[in-house]
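Worksheet: one structure, shown below.
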Amino acid sequence: MKSLLENINKAFDHRIRLGIMSVLMVNDRVDFTTLKELLGVTDGNLASHIKALEAEAYIEVEKQFIGKKPNTRYLATTAGKTAFKNHIEALEKLIQKS
């Protein structure tokens with residue numbers, strides 16, 4: 001059973017991080033407000049989970065101004081996409097073995 005668990009990635013063990021990565025896997029870039037609305041979380045909660053994924057280098061942050069308003073967008077890195085795909089594959093294998 002250990003071999004089934006070795007590709008389960010702790011970085012994705014929280015539902016919000018799982019949601020962030022799921023959204024970023026199917027979108028090139030997503031802004032903070034859109035992520036917040038899609039996941040139904042608070043600013044602070046989302047920010048802390050984004051920081052955790054950024055620390056793993058699984059997402060990149062782009063900051064810009066649209067007019068005079070700041071806009072922050074996120075995208076999954078190549079390493080993040082690979083890690084997330086491996087995590088999902090590991091979960092699928094675990095489910096199939098059960």
Side-chain angles (χ1 to χ4, degrees):
M1 185 68 117
K2 184 175 191 254
S3 64
L4 288 176
L5 298 177
E6 68 186 63
N7 286 326
I8 302 284
N9 191 323
K10 288 279 289 171
F12 308 125
D13 69 352
H14 196 281
R15 67 181 183 87
I16 294 172
R17 281 181 243 151
L18 191 66
I20 292 167
M21 287 304 295
S22 296
V23 170
L24 293 178
M25 292 295 286
V26 297
N27 294 284
D28 288 335
R29 287 168 174 72
V30 179
D31 66 47
F32 186 88
T33 303
T34 301
L35 270 177
K36 185 177 113 171
E37 290 171 0
L38 285 172
L39 301 175
V41 296
T42 64
D43 288 3
N45 204 351
L46 181 57
S48 67
H49 289 290
I50 285 171
K51 187 177 277 192
L53 291 170
E54 188 180 12
E56 295 288 337
Y58 290 161
I59 65 171
E60 286 183 21
V61 180
E62 293 179 339
K63 294 186 181 255
Q64 62 182 357
F65 281 89
I66 298 176
K68 292 187 178 194
K69 291 180 120 185
N71 180 268
T72 305
R73 300 186 312 172
Y74 305 93
L75 62 138
T77 63
T78 301
K81 289 178 181 180
T82 300
F84 192 71
K85 284 178 188 174
N86 291 342
H87 178 74
I88 297 300
E89 287 172 8
L91 289 174
E92 288 173 347
K93 286 178 186 173
L94 185 61
I95 291 166
Q96 290 170 1
K97 279 286 192 191
S98 298

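Every value quoted in this text rests on a predicted model; they were computed, and no experiment measured them.
Using a 4.5 Å cut-off on side-chain heavy atoms (C-beta onward), Ile20 and Tyr74 make no contact. Between His87 and Asn7, every side-chain heavy-atom pair lies at or beyond the 4.5 Å cut-off.
Ring pair Phe12/Phe84: centre-to-centre distance below 6.0 Å.
Atom CG in Leu46 sits 8.5 Å away from atom NZ in Lys36 (nearest 0.5 Å). Atoms NE2 and CD, on His49 and Glu54 in that order, are 14.5 Å from each other to the nearest 0.5 Å. For the atom pair Asp31 CG and Glu37 CD, the distance stands at 8.0 Å (nearest 0.5 Å). Note that CG of Asn9 is 9.0 Å distant from CE of Met21, once rounded to the nearest 0.5 Å. Note that CG of Leu18 and CZ of Arg15 are 10.5 Å apart. Values are rounded to the nearest 0.5 Å. Interatomic distance, CD of Gln96 versus CG of Leu94, reported as 10.0 Å (0.5 Å rounding).
Ala79 and Ala57 make their closest contact through CB-O, 4.2 Å (heavy atoms, listed as atom of the first residue, atom of the second, distance). The minimum heavy-atom distance linking Ile59 with Thr77 is given by the pair C-CG2, 3.8 Å. In plain terms, the two heavy atoms of Ala11 and Tyr58 that are nearest each other are CB-CE1, 3.7 Å.
Summarising the local packing, CG of Asp28 is surrounded by 12 or fewer heavy atoms from other residues, nucleotides or ligands at distances under 6.0 Å.
Note on Leu75 and Ile16: separate hydrophobic clusters, where clusters join Ile, Leu, Val, Met, Phe, Trp and Tyr whose side-chain heavy atoms are under 4.5 Å apart, directly or indirectly.
Residues that satisfy the side-chain contact (heavy atoms from CB on, under 4.5 Å) test with Lys63, not counting sequence neighbours, are Val61, Thr72.
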